[in-house]
Amino acid sequence: MNKRTRLVLLLVVLGLCFVFLWPSISWYGRTPKELQQLALGSTEAIKTYAELRAADDVRAIKSLVADNPSALLGDEYSWIKKDVARRYKVLDKSVPSPLTVMDVVAAYDSELDFMSVVQKKYRDEITKAKKYYENSVKLGLDLSGGMNIIVRADLDAALASQENSGVRENAEVLKKEAMENAIDNLSSRIDKFGLTSPVIRQQGDDRIYIEIPGAAQADAINTLIMGKGILNFRLVDMDATNAFKSYYARNPATTFNASGELMDSSVIPDDCEVFGVYTKDDYGLDERIDWLVVKKEIALDGQHVKSAEVRADEFTNQPEVAFMLDAEGARIFGDFTGAHVGENLAIVSDNKVKSNARIQTAITGGSVSLSGGFTYDEANNIRKVLQTAWLNVPLEVESQQVIGASLGEEAIHQGVMAILLGLGLILVFMLIFYKSAGINAVVAQILNLYMMFSILSAFNYTLTLSSIAGMILTIGMAVDANVLVFERIKEELRQGKSREVAISMGFDNALWAILDSNITTFIAAIFLSQLGTGAIQGFAVSLAIGVVSSVFTALFVSRLIFDFDTDVLHAKKVSIGWGIK
């Protein structure tokens, strides 16, 4: 490979590394701590925050309009001027100058329209930061602090609870559904709790591994895990729902306070509550799509549901959800539906409306069918909601480890100091022992670390103490390639070879020795990464990445620096050791 090709390849690699590393730089270096906390929250928490901030801003601007319509828009709202100017241009009107608060409000069709623009600003800002985090190097619990919990699901108890329910499913299928149900419930509860980027996954047949970065109270988490979801059926007040939606469209900024409570309780009847209507988004998380006003009185408690399944309607072949009630539930439901034919009934789970169906006729006998143009995904989501009532899976916390944030910060500090100290001592040695040629090793080692972090960022790896240990080992090993090359060059110089010939033959003669030693290390690291777990895997991954990057920097970067000195600076001799001229 000629010099020009090597230079182009190096520039391309360094450019790609910067692209990969940019999310990590943006997240850890350019994103304020406050914004990081918001971005680490759940999707629902981000949406709620954006709505509340937008409501505050809209109320503040409306207050300014009421006090002084000709007041100028403050600098804190300067970001909205572009959208206002765009709207005036769409209306083929000139943009008022100076722009007053009255001009701003007049640019929007309604308060809801205005609020949606403000809300989008906050939401986009947080989601942009969230994308940086998702594409950056993550910090493990030993560096960031947090909790890891292993929960055991008592699947045998869940299976035993179904022996008298009339369910004839295969035991293994039922256990699989019970496990999925337990994980879904935990995901919903922890996401609703607003915790930062939790990891929840199945471990083995009946264990659930939960990892929660950041500060969290152990007692609160345990209560969350051990708690049971609340499922019930409630009558919908459609007149109150339509009236509320109309009111919300006119007054979105003053409908709810910061706690999510109605600021004016008179907008709905005293015997009603307003809940959000939720569906699953593309990420499997609850997403609010509408509002619904339901009666406070519970028509039927979820404990009466005994089984649920998705099937095709015998007439339309459309998906429907069928569930069975126990004897008492069948009697209660039959009386209730008979008294409210033509009205709507909502399934409410943890204060979230998951289904809203019309009562076509009195439903007796305990067999209930829900239909309404569902897709199979929607029907399965409703079935899973109903399962929370009847497929009860007892959970037990088997182990729990809490790592304080201060310990994580100390670990990061110690890890960084270890890397810098190890790198510094090695580079000092190289400069003393190999003189000016040691600068090549210095540059190669710095670029080696740069490339390692870039690759970690590209694959969204989690950085742990064991990963840092792998990096420190890589720093020591990486200099071996430079030592091999430098010693080969010294041998050629002792035989009276010219600078250019000695450098070329030094790299050629050292090539296979470098590849042999690093390939064997790479193979060992790959096996460790595949067969090991936890700390061993983190160590192996960082070691494997370091092996690849160190070979590249030793063979490409160091060679290019030598060639630069030869071709551009026209150096005739090589300063590569004591007694070598």
Side-chain angles (χ1 to χ4, degrees), residues 38 43-69 71 73-74 76-93 95-96 99-128 236-269 272-279 281 285-294 344 346 351-353 356:
L38 292 169
T43 305
E44 174 120 0
I46 293 172
K47 186 174 183 178
T48 301
Y49 172 83
E51 288 177 346
L52 294 175
R53 285 298 306 270
D56 289 342
D57 286 350
V58 171
R59 282 196 295 266
I61 293 175
K62 285 180 65 178
S63 178
L64 289 174
V65 173
D67 294 340
N68 183 11
L73 192 66
E76 65 271 27
Y77 302 114
S78 58
W79 53 269
I80 206 171
K81 290 181 179 178
K82 288 184 179 179
D83 188 71
V84 171
R86 181 185 63 80
R87 286 175 177 266
Y88 272 102
K89 289 179 180 178
V90 169
L91 296 172
D92 200 21
K93 295 180 180 179
V95 181
L99 193 66
T100 66
V101 289
M102 176 60 81
D103 296 327
V104 171
V105 174
Y108 297 92
D109 298 330
S110 64
E111 184 178 306
L112 186 61
D113 185 26
F114 185 23
M115 185 172 166
S116 65
V117 172
V118 182
Q119 179 183 335
K120 184 177 183 300
K121 181 260 183 185
Y122 288 111
R123 186 176 64 249
D124 289 350
E125 185 180 48
I126 299 172
T127 52
K128 182 179 179 181
V236 178
D237 190 328
M238 290 306 300
D239 291 336
T241 297
N242 293 331
F244 172 79
K245 288 182 180 180
S246 178
Y247 175 85
Y248 181 75
R250 297 192 307 270
N251 308 280
T254 55
T255 301
F256 297 100
N257 60 20
S259 301
E261 300 169 342
L262 282 174
M263 297 179 68
D264 181 4
S265 59
S266 65
V267 299
I268 62 173
C272 291
E273 293 181 277
V274 59
F275 292 140
V277 179
Y278 289 81
T279 186
D281 63 11
L285 300 175
D286 284 338
E287 179 184 26
R288 195 189 70 237
I289 58 173
D290 203 354
W291 298 101
L292 204 64
V293 177
V294 301
N344 282 42
N351 293 337
K352 296 179 179 179
V353 175
N356 177 25

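Predicted, not measured: the structure shown is a model, and the values here were computed from it.
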* Considering all heavy atoms, the nearest Val118-Ala54 contact -> CG1-CA, 3.7 Å
* Applying salt bridge (Lys or Arg N to Asp or Glu O under 4.0 Å), name anything that partners Arg250, two or more places apart in sequence or on another chain. => none
* About how many Å separate CG of Leu112 and CD of Gln119, when rounded to the nearest 0.5 Å? -> 9.0 Å
* With sequence neighbours left out, write down each residue that passes salt bridge (Lys or Arg N to Asp or Glu O under 4.0 Å) with Asp237, or none if nothing qualifies. => Lys295
* Asked: Hey, is the main chain of Ala243 close enough, under 3.5 Å, to the side chain of Ser246 for a donor-acceptor pair?
  -> no
* **Closest non-hydrogen atom pair between Val58 and Glu111, with its separation** => CG1-CG, 3.9 Å
* Minimum-distance pair of heavy atoms, taken over all atoms of Val353 and Leu292 -> CG1-CD2, 3.8 Å
* Asked: Heavy atoms, side chains only, cut-off 4.5 Å: are Phe114 and Val104 in contact?
  -> yes
* Evaluation steps, side-chain contact (heavy atoms from CB on, under 4.5 Å), between Tyr248 and Val274 -> CA-CA 12 Å; Tyr248 181 75; Val274 59; over 6 Å; no
* To do: Locate the shortest heavy-atom distance separating Pro69 from Val101; write the atom from each residue and the value.
  => O-CG2, 3.6 Å
* Rounded distance [0.5 Å steps], CD1 in Ile126 versus NZ in Lys121 -> 9.5 Å
* Short side-chain to backbone donor-acceptor contact, Ser63 and Arg59, under 3.5 Å -> no
* Leu262 side chain reached by Phe256 side chain, heavy atoms, under 4.5 Å -> yes
* Asked: Heavy atoms, side chains only, cut-off 4.5 Å: are Leu38 and Tyr122 in contact?
  -> no
* Is there side-chain contact between Asp103 and Val84, with heavy atoms separated by less than 4.5 Å? -> no
* Of all heavy-atom pairs between Ala107 and Arg87, which one has the smallest distance, and what is that distance? -> O-CD, 3.7 Å
* Asked: Side chains of Asp290 and Lys245: closer than 4.5 Å at any heavy-atom pair?
  -> yes
* **Criterion salt bridge (charged side-chain N to carboxylate O under 4.0 Å, His left out) on Lys128 and Asp124, from CA distance to verdict** => CA-CA 6 Å; Lys128 182 179 179 181; Asp124 289 350; over 6 Å; no
* Structure fact -> Hits for side-chain hydrogen bond (donor to acceptor under 3.5 Å, both in side chains) against Asn242, two or more places apart or cross-chain, chain-then-number order -> none
* Give the minimum heavy-atom separation between Val277 and Trp291, together with the two atoms involved. => CG2-C, 4.0 Å
* With salt bridge (charged side-chain N to carboxylate O under 4.0 Å, His left out) as the test, would you mind laying out the steps for Asp83 and Arg86 before giving the verdict? => CA-CA 5 Å; Asp83 188 71; Arg86 181 185 63 80; 2.9 Å; yes
